[in-house]
Chemist: 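Please see the structure below; I have some questions.
Only this structure's heavy atoms are used, side chains among them; waters, hydrogens and symmetry mates stay out. Just so we're clear, the structure is a prediction, and the values are computed from it rather than from any experiment.
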Amino acid sequence: MARAALGSVLLSDPLDPCCAQLLRAAGIRAREQPGLSPPQLLAEIQDCDGLIVRSATKVTAEVIEAGKKLQVIGRAGTGVDNVDVEAATRRGILVMNTPTGNSLSAAELTCGMILCLARQIPQAAASMKDGKWARKQFMGTELHGKSLGILGLGRIGREVATRMQAFGMKTIGYDPVITPEDSAAFGVQQLPLERIWPLCDFITVHTPLLPSTTGLLNDSTFAKCRRGVQVVNCARGGIVDEGALLRALQSGQCGGAALDVFTEEPPRDRALVNHPNVICCPHLGASTREAQRRCGKEIAQQFVGLALGTALAGAVNGQALGCALDPQTRPWIALGRALGLLLQTLAGPVQGALQVCTLGAPLQKAGTYLSPAVATGLLEGAGHKHVNLVNALLLAQEAGVKVTATEGEAVPEPGGGDSALQLALPGTPFKLVGSLQGSTPVLQELNGAAFPQPVPLAGHLLLYRAPAGASPLPAVLGLLGAAQVRLQSYHGSRAVRGEEWSCLGLSEPAGALAGAAHHVTEAFALSLEPCAAASRGAALPR
Ligand code: 9EZ
């Protein structure tokens, strides 16, 4: 495949200078054009291979459609709230972010908020600026010995925990994906949420915004808290339900809240911002030079890794793509694609269920990247243009193919290793089994007929089935000779139900050999890229 790489990348927001420097050092043209108007952006994006944004640029479906050459969109920061990921995925455009670059800055702001809540520092400062000396109004609480509930124990939650432990706080918490042993290592005792609520003097949230975390603090959970609990949200607007928070503040059930994020930004409803026990910032969690520099550097490094085909980090919609860069999994992706293409060639327009079954321990969980690989081959075989590992499953679903991945036990196959990939169309005879020989994809079995010598899935192939013992090969060879096509390999299957399959490797595409159909029951031609041309160096391998 041609080395597509990344020619030109547009940086449409203010980013740390190191971002453009790192791109240029890798031979990528970096165009720094912050502050473009939406029409200017639509014009500038047309000839760009990549786009990097921070928060200001809204990467809408319209922008994505205008980016005819666009292969990758990077966000220098956590989350991709300002990118239409669905529209990008449909176009096969990879979306990346830098999930960790902001963590320390977010954790530090959170700790600052906890200290501010405990001593009402912002309110006291405002009172001083207002010309007052109001000492009685600002009696605070000491953090030492108080309990801090940390909901979400990823990178930010644990940095908050270790810092607040230095103030003598007891840190308890909950996270469904972190084990109690892991959290004990950074001094957080995990408890079920129902036990956490009544124990906390302070609660801070550090979860992504998901259906399961939206309104994590609500009327019902506030009611289970200690009276006067203080709450911090420096994560995502909506994790603390804003209506419930206002009601809890008004009743005194909540003694104070610190908000860096809002469901609507900037918030048009100012009721929370104006409440005397609320302190707040305009989404400043990542607003440090260090975090900006780290995110700018990380997104540039991720673009360079992609351009060189060496690594894929921070991908939001490209799990399968990352596996395509791994030398261990890349041949399996090539196999999936080849089997998908072969299935499409044999079965014609595929509709309904397509089962992708991975056999053997080495392919555990491989369905997540082999399903898109199979779908890529299937859609390419059906004539779809612009299919890649990013959009294949979405496009397959829209074409009426529901790909399901399952896992099974490996059956030792002649010449195969201890793992295999099986495709089946339930309710039809179509079933393919393939594996790898070294790093070459091979076909082991076709509709139940095993090949004693597995068939390399590369180059130009002619497959046909004929009654067992009919020996149409001489006639087919005659046709090949007449068409000046050389035979490079021959593989025959065992007989099943009185029939045998033959697979011929040819020097030229076998399309002209439709005449073979006179000598056999059924014939199929397909061409696959030579294995060696796997996707090294391409910006977006298929
Ligand atoms: C949910 C969570 C944490 C949480 C954290 C993450 C998916 N998920 N859910 C409820 N990463 C605390 C309470």
Side-chain angles (χ1 to χ4, degrees), residues 4 6 50 59 64 70-75 77-81 83-101 154-155 176-177 208 210 298-299 301-340 354-358 360-380 386-398 401-407 419 421 423 534-536 538-542:
L6 293 172
V59 188
I64 288 163
L70 208 51
Q71 297 186 69
V72 54
I73 299 167
R75 157 136 216 273
T78 308
V80 283
D81 301 359
V83 179
D84 188 336
V85 178
E86 151 105 27
T89 302
R90 183 177 308 280
R91 284 270 326 274
I93 297 168
L94 183 66
V95 179
M96 303 193 300
N97 70 359
T98 57
T100 63
R155 283 192 189 74
V177 298
L210 301 169
E298 283 177 15
I299 201 71
Q301 287 171 335
Q302 288 167 207
F303 268 52
V304 170
L306 180 71
L308 299 177
T310 50
L312 185 79
V316 170
N317 63 348
Q319 208 246 355
L321 205 58
C323 299
L325 299 178
D326 180 338
Q328 294 293 312
T329 50
R330 194 165 56 221
W332 286 102
I333 298 220
L335 172 70
R337 188 166 156 248
L339 289 181
L354 164 60
Q355 285 178 353
V356 175
C357 186
T358 54
L363 287 183
Q364 254 178 19
K365 306 268 185 319
T368 55
Y369 59 87
L370 291 182
S371 296
V374 168
T376 304
L378 198 76
L379 293 167
E380 283 173 348
H386 313 298
V387 187
N388 64 17
L389 291 170
V390 172
N391 61 11
L393 279 184
L394 182 68
L395 295 182
Q397 192 185 2
E398 289 179 353
V401 184
K402 188 168 165 16
V403 186
T404 57
T406 57
E407 292 180 9
S419 31
L421 178 63
L423 305 191
S535 43
R536 277 254 122 201
L540 282 201
R542 288 175 300 176

Chemist: For residues E407 and L363, determine if any side-chain heavy atom of one lies less than 4.5 Å from a side-chain heavy atom of the other.
Modeler: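 Side-chain contact under 4.5 Å: no.
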Chemist: For the side chain of T98 and the backbone of G77, is there at least one donor-acceptor N/O pair under 3.5 Å apart?
Modeler: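 Yes, T98 side chain to G77 backbone: donor-acceptor pair under 3.5 Å.
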Chemist: Within the structure provided, determine whether T89 and V95 are in side-chain contact (heavy-atom separation under 4.5 Å).
Modeler: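 T89 vs V95: side chains apart.
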Chemist: Roughly how far apart are L379 CG and L393 CG, rounded to 0.5 Å?
Modeler: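 Answer for the CG-CG pair, L379 versus L393, is 9.0 Å.
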Chemist: What closest approach, in Å, do A405 and S371 show between heavy atoms, and which atom pair accounts for it?
Modeler: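 Heavy atoms of A405 and S371 come nearest at CB-OG, 3.5 Å.
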Chemist: Side-chain contact, heavy-atom cut-off 4.5 Å: E298 with T100?
Modeler: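 They are in side-chain contact.
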Chemist: Mind checking whether L94 and N317 have side chains closer than 4.5 Å, heavy atoms only?
Modeler: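 Contact flag for L94/N317 side chains = yes.
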Chemist: Hey, mind stepping through V59 and I64 against side chain to side chain contact (heavy atoms under 4.5 Å, CB included) and telling me if it holds?
Modeler: CA-CA 7 Å; V59 188; I64 288 163; 3.9 Å; yes
Chemist: Quick one: closest heavy-atom pair of A375 and A396, and the distance?
Modeler: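 Smallest heavy-atom distance, with atoms named: CB-CB, 4.1 Å.
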Chemist: Does T406 form a side chain to side chain contact (heavy atoms under 4.5 Å, CB included) with V356? I'd like the steps, not just the answer.
Modeler: CA-CA 6 Å; T406 57; V356 175; over 6 Å; no
Chemist: Any idea which heavy atoms bring M96 and V72 closest together, and the distance?
Modeler: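 So the minimum-distance heavy-atom pair works out to CE-CG2, 4.0 Å.
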Chemist: Side chains of T376 and L389: does their closest heavy-atom pair fall under 4.5 Å?
Modeler: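 SC-SC contact between T376 and L389 confirmed.
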Chemist: Which of these, L339, L378, V403, sits in a side chain to side chain contact (heavy atoms under 4.5 Å, CB included) with L423?
Modeler: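 Exactly one candidate clears the test, L339.
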Chemist: Once you round to the nearest 0.5 Å, how far does CG of L6 lie from CG of L70?
Modeler: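 It comes to 10.0 Å.
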Chemist: Please name the pair of heavy atoms, one in H386 and one in N391, separated by the smallest distance, quoted to 0.1 Å.
Modeler: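 Minimum heavy-atom contact is O-ND2, 3.0 Å.
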Chemist: Roughly how far, to the nearest 0.5 Å, is CG of D84 from CZ of R91?
Modeler: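 Between R91 CZ and D84 CG, I get 12.0 Å after rounding to 0.5 Å.
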Chemist: I need the Q328 CD to I333 CD1 distance, nearest 0.5 Å.
Modeler: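 Answer rounded to 0.5 Å: 12.5 Å.
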Chemist: Would you find a donor on one side and an acceptor on the other, under 3.5 Å apart, between the side chain of Q302 and the backbone of A313?
Modeler: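 Yes, Q302 side chain to A313 backbone: donor-acceptor pair under 3.5 Å.
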Chemist: Please find the pair of heavy atoms, one from L325 and one from G309, that lie closest to each other, and give the distance.
Modeler: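 In this case the closest contact between L325 and G309 is CD2-O, 3.7 Å.
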Chemist: Roughly how far apart are Y369 OH and R330 CZ, rounded to 0.5 Å?
Modeler: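 CZ of R330 is found 12.5 Å from OH of Y369.
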Chemist: Measuring from R75:CZ to D81:CG, what's the distance to the nearest 0.5 Å?
Modeler: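 Interatomic distance, R75 CZ to D81 CG, rounded to 0.5 Å: 6.5 Å.
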Chemist: L354 versus T404: any side-chain heavy-atom pair under 4.5 Å?
Modeler: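 No - every pair of side-chain heavy atoms lies 4.5 Å or more apart.
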